Structure formats: structure tokens, C-alpha cells
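All remarks here apply to the structure that follows.
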Amino acid sequence: QVQLVESGGGLVQAGGSLRLSCAASGRAFSTANMGWFRQAPGKEREFVAGSRWSDSTTGYTDSVKGRFTISRDNAKRTVYLQMNSLKPEDTALYYCASNSMIYTTWDSGSFTNWGQGTQVTVSS
């Protein structure tokens with residue numbers, strides 16, 4: 001069983017930055033694929049960014065490319081999402097997720113462990 005705890009959300013003005021953190025406990029973090037997802041009110045949950053453990057590749061949804069960066073610290077068992085140039089449309093509940101697949105796609109159905117989420121609100 002993997003437990004994921006997100007932190008770092010908050011209220012920020014458009015153009016500002018936030019860094020989300022996700023601390024993991026349980027199974028080996030170094031062999032876990034990690035993902036960030038978000039869900040805005042009235043919308044479906046969507047993939048934001050991900051990190052694969054097997055080949056160290058990352059992925060981003062088009063709307064955040066060049067603005068968001070995912071990184072991981074295996075020693076601290078933590079994955080981060082640095083969010084710059086935030087826009088009001090980035091407002092959502094942000095979730096951390098993980099799986100132990102050798103290779104993962106970025107659909108939410110591939111992720112088996114989920115945190116409770118941290119709220120990000122960007123004001124215009």
C-alpha cells in the first residue's frame with residue numbers, strides 16, 4: 001500500500017508560481033511512476049505531468065508545457081510540481097498519483113494510488 005500526501009497549494013495571482021510536493025510512503029519510491037492530475041469544478045480529472053522511473057522520462061499536457069516542471073527526489077521519496085506563469089484556468093484540485101508498472105501511460109486509469117489533493121486557486 002502506498003500513501004501519498006500532497007502539499008503546497010494555495011491562492012496566487014495570475015503570473016505567479018507555486019511548488020506542489022507529494023510525499024510518498026509504503027513501497028519503494030524509486031520504482032514508482034508518479035503523476036500529477038487536476039480536476040476543476042464541473043470538469044473531468046485530467047493529466048498534468050508525469051515521471052517514469054524506468055527510463056526517467058517525463059510527460060506534460062500541452063497546456064502546461066514550458067510552464068510546469070515535474071521532478072522527483074528519490075532519497076526524500078517526494079515528487080514536485082513547479083508551476084510558473086500560472087493562469088486562472090490552472091485553478092483546480094491537484095492530485096498526486098502513482099503506480100508500479102514498468103512502463104506507464106498517462107491516463108488516470110493506469111494509476112492505482114492517489115492522494116487527497118491540494119487546492120490551487122489562481123486569481124486574475
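A quick note: this is a predicted structure, and the numbers were derived from the prediction, not measured. Throughout, residue positions are numbered sequentially from 1 according to the sequence presented.
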Regarding S21 and T78, is there a side-chain donor-to-acceptor distance under 3.5 Å anywhere?
no
Nearest 0.5 Å please: distance from the CD1 atom of I102 over to the CG atom of D55.
11.5 Å
For a salt bridge (charged side-chain N to carboxylate O under 4.0 Å, His left out) with R38, tell me which candidate from E44, E46, E6, E89 qualifies.
E46
Taking atom CD of Q119 and atom OH of Y94, what is their separation to the nearest 0.5 Å?
9.0 Å
For residues T105 and F111, report the shortest heavy-atom separation together with the two atoms involved.
O-CE1, 3.6 Å
Do the side chains of V12 and V64 join up, straight or via other hydrophobic residues, at under 4.5 Å, putting them in one cluster?
yes
For the residue pair N74 and W53, establish whether any side-chain heavy-atom pair is separated by less than 4.5 Å.
no
S51 side chain to R72 side chain, donor-acceptor N/O pair below 3.5 angstrom
yes
Heavy-atom nearest pair, C96 first then L4, reads O-CD1, 3.7 Å
Exercise: identify the closest heavy-atom pair between M83 and V120
CE-CG2, 3.8 Å
May I ask you to decide if G59's main-chain N or O and R52's side chain share a donor-acceptor pair within less than 3.5 Å?
no
Which heavy atom of C22 sits nearest to which heavy atom of M34, and what is that distance?
SG-CE, 4.3 Å
Using 0.5 Å steps for rounding, measure from the CG atom of N113 to the CD atom of Q3.
8.5 Å
Linked, directly or transitively: V122 and L93 (ILVMFWY side chains, under 4.5 Å):
no
Is the backbone N or O of S110 less than 3.5 Å from a side-chain atom of N99, with the two atoms forming a donor-acceptor pair by type?
yes
side-chain contact (heavy atoms from CB on, under 4.5 Å) with F68: of L20, L18, V48, T61, only one passes, and it is V48
Minimum-distance pair of heavy atoms, taken over all atoms of V2 and R27
CG2-CG, 3.3 Å
For residues Y95 and W106: do they belong to one hydrophobic cluster (side chain heavy atoms under 4.5 Å, members Ile, Leu, Val, Met, Phe, Trp, Tyr)?
yes
If only atom types and distance count, is the side chain of N84 paired as donor or acceptor with the main-chain N or O of S17 below 3.5 Å?
no
Thinking salt bridges, do D90 and K87 make one under a 4.0 Å N-O criterion?
no
Please report the closest heavy-atom contact between F29 and V79, naming both atoms and the distance.
CZ-N, 4.0 Å
Using modelled atom types only, decide if a donor and an acceptor are shared between the side chain of Y60 and the backbone of I70 within a distance under 3.5 Å.
yes
